[in-house]
Amino acid sequence: MANTWDYGPLGAEVKNRVKREWWNTFIRSRGDVVGLDSAILMNPKVWEASGHVTSFNDPLVDCKKCKERFRGDKILEEKLGVEAAAVLKLDQVKAMLDAEEINCPNCEERDWTEAKQFNLMFETKQGVVKGEGDSIYMRPETAQGIFVNFKNVVQTMRPRLPFGIGQIGKAFRNEITPGNFTFRTREFEQMEIEYFVDPDNIGDTFDEWQKAVWTWYTDLGIDKKNLRVREHEKDELSHYSSKTVDIEYEFPWGWGELFGLANRGDFDLAQHEKTSGEDMKYTDPDDAERKFLPHVIEPSFGCDRTILTFLIEAYTEEELENGDVRTVMKFDKRLAPVDVAVLPLSKKEPLREKAKEIYESLLAETNLVVDFDITGSIGKRYRRQDEIGTPLCITVDFGTIGEDAEQGDPDTLTIRDRDTLKQDRIPIGKLREKIAEYWKS
Ligand code: ATP
């Protein structure tokens with residue numbers, strides 16, 4: 001299967017760290033947002049209520065010559081720009097492809113079908129009898145899991161408006177044209193918040209979220225010049241939204257959506273109330289007579305897309321003084337997959353034993369991710385850690401074990417900074433303090 005990706009050991013660590021940063025920033029360190037972990041498989045009526053069964057479609061066009069299928073709006077984007085392509089009506093897509101003389105990206109011929117609506121939800125069967133069972137959907141977004149739990153959260157956590165519910169989890173979309181590495185895949189992870197507000201008192205909530213998200217990205221190392229905000233035109237808005245703003249990133253292939261912020265009004269709660277018959281209203285804690293459906297501001301992040309931007313931003317090639325080029329992943333230190341690497345200058349004993357002792361004490365006494373590497377020359381091992389993005393390398397040499405005064409005093413070691421390449425000689429006893437200092441800076 002093309003366009004299905006797995007994260008290896010280092011990638012999984014980066015992913016966990018991105019999620020941790022997100023959870024810490026938007027849930028743990030805010031008094032007004034709580035977390036949730038809802039199911040992927042839900043009652044199919046949820047997707048009728050949310051509008052996904054009827055409206056979660058993309059315009060599909062077929063090339064009659066080679067039978068390849070494309071998203072009409074996406075192939076028009078290059079010619080017309082994102083805004084103009086996104087507002088095209090279904091019956092305008094083929095005419096526009098012909099008018100703009102756009103050929104099939106696969107076979108270079110021009111023989112398009114009319115565009116038709118293609119629903120992006122994956123269906124599966126629930127039940128144990130082969131050939132029978134009910135059709136259910138794999139969730140195409142995590143948001144609806146939050147809406148159907150709204151009442152439970154209000155009853156158990158007793159939050160006051162405004163408050164949010166956030167969650168991280170997988171979503172599935174049968175994308176017509178997945179691609180550009182992990183930018184668009186059929187299985188991906190989202191990090192979403194539904195922020196419930198009193199409709200009579202929304203204030204600057206939308207702008208505050210936009211600012212908070214922008215700050216999160218830039219604080220974790222995304223250069224401002226690679227980010228821009230784009231507000232959706234009226235015709236482009238999703239069926240549930242009265243205002244949507246995307247934060248876009250300049251990917252190597254052009255600007256693309258990284259994050260979306262939408263004002264969903266009371267669309268979802270009203271729809272679930274109507275479909276389930278369950279009263280979803282919130283009672284004003286200061287006025288028991290006042291019951292209403294809160295409105296919702298939704299910050300929606302793609303986890304994998306976010307990781308992709310961090311990878312692109314971190315990737316650096318640098319020419320060294322000796323003319324060599326080093327590749328270094330300049331991750332923010334909170335996102336690097338390895339925190340510290342312990343490298344004995346040589347794999348000979350007793351150097352290796354000493355280095356291992358330091359490595360094991362860091363593993364046991366800190367919660368850092370620590371790597372231990374003895375394979376290859378020290379230069380090669382530094383390059384390897386640079387490619388991983390390890391912020392600090394600790395080198396144990398013959399000075400450390402009292403066998404070579406020129407390398408350094410006994411019981412000292414060197415600590416190397418990934419970005420400045422500066423190496424400090426410090427006593428072993430100061431190692432923990434130095435590492436802590438670095439993490440505070
Ligand atoms: P696009 O216009 O790129 O299809 P969308 O507007 O459908 O995206 P939303 O429904 O707003 O996306 O989803 C929120 C976020 O989820 C997006 O900003 C993006 O980061 C992420 N996302 C959406 N679809 C995919 C996908 N197929 N693969 C990876 N991430 C995705």
Side-chain angles (χ1 to χ4, degrees), residues 1-5 7 15 18-19 22 26 47 50-52 55-60 70-77 81-83 85-88 118-122 138-146 166-194 209-210 213-214 216-217 222 227-233 235-241 243-251 253-264 267-268 296-312:
M1 301 219 325
N3 298 306
T4 305
W5 302 99
Y7 290 83
K15 190 167 192 179
V18 168
K19 292 196 232 176
W22 185 88
F26 296 114
W47 306 108
S50 69
H52 282 81
S55 306
F56 195 53
N57 302 314
D58 277 339
L60 173 84
F70 299 93
R71 239 178 98 171
D73 58 332
K74 286 286 160 197
I75 38 178
L76 279 162
E77 257 179 23
V82 183
E83 284 91 349
V87 300
L88 284 174
F118 178 76
N119 193 286
L120 297 183
M121 282 199 294
F122 272 103
M138 317 270 280
R139 68 177 176 202
E141 61 174 31
T142 59
Q144 297 305 320
I146 297 178
Q167 76 166 328
I168 300 178
K170 290 262 180 176
F172 303 84
R173 296 182 186 178
N174 200 0
E175 297 280 0
I176 298 166
T177 36
N180 286 331
F181 193 30
T182 55
F183 177 80
R184 188 179 304 286
T185 51
R186 294 192 170 118
E187 171 182 350
F188 57 97
E189 233 164 321
Q190 292 188 311
M191 308 185 288
E192 293 195 299
I193 298 159
E194 306 306 322
W209 273 105
Q210 188 176 318
V213 172
W214 181 277
W216 186 75
Y217 276 116
I222 307 287
L227 289 176
R228 73 177 184 196
V229 170
R230 187 178 76 79
E231 182 165 349
H232 286 211
E233 304 276 335
D235 303 3
E236 192 191 340
L237 291 171
S238 310
H239 59 278
Y240 52 75
S241 176
K243 176 175 178 177
T244 296
V245 159
D246 288 344
I247 293 183
E248 298 187 333
Y249 178 77
E250 190 167 21
F251 290 93
W253 54 87
W255 290 94
E257 174 179 339
L258 171 61
F259 159 87
L261 181 65
N263 183 341
R264 298 178 80 119
F267 176 84
D268 303 272
V296 173
I297 307 292
E298 177 192 67
S300 174
F301 300 68
C303 180
D304 305 275
R305 257 186 218 180
T306 294
I307 292 166
L308 184 57
T309 60
F310 287 132
L311 288 174
I312 294 168

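Whatever order the structure lists ligands and atoms in, that order sets their numbers, starting from 1.
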* Considering residues at least two apart in sequence or located in another chain, which fulfil the side chain to side chain contact (heavy atoms under 4.5 Å, CB included) criterion with Phe118? ->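 Listed in chain order: Leu60, Leu120, Asn174, Ile176.
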* Non-neighbouring partners of Lys74 that pass salt bridge (Lys or Arg N to Asp or Glu O under 4.0 Å), sequence neighbours left out ->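 In terms of salt bridge (Lys or Arg N to Asp or Glu O under 4.0 Å), with neighbours along the sequence ignored, Lys74 is linked to Glu77.
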[X] and [Y]: aromatic ring centres closer than 6.0 Å?
X      : Y      : value
Phe301 : Trp216 : yes
Phe56  : His239 : no
Phe259 : Tyr249 : no

* In order of chain and number, which residues sit within 4.0 Å of ligand 1 by heavy atom? ->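 Lining ligand 1: Arg71, Arg173, Glu175, Phe183, Arg184, Thr185, Phe188, Gln190, Glu257, Leu258, Phe259, Gly260, Ser300, Gly302, Arg305.
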* Residue list, side chain to side chain donor-acceptor pair (under 3.5 Å) with Thr182, at least two apart or on another chain -> none
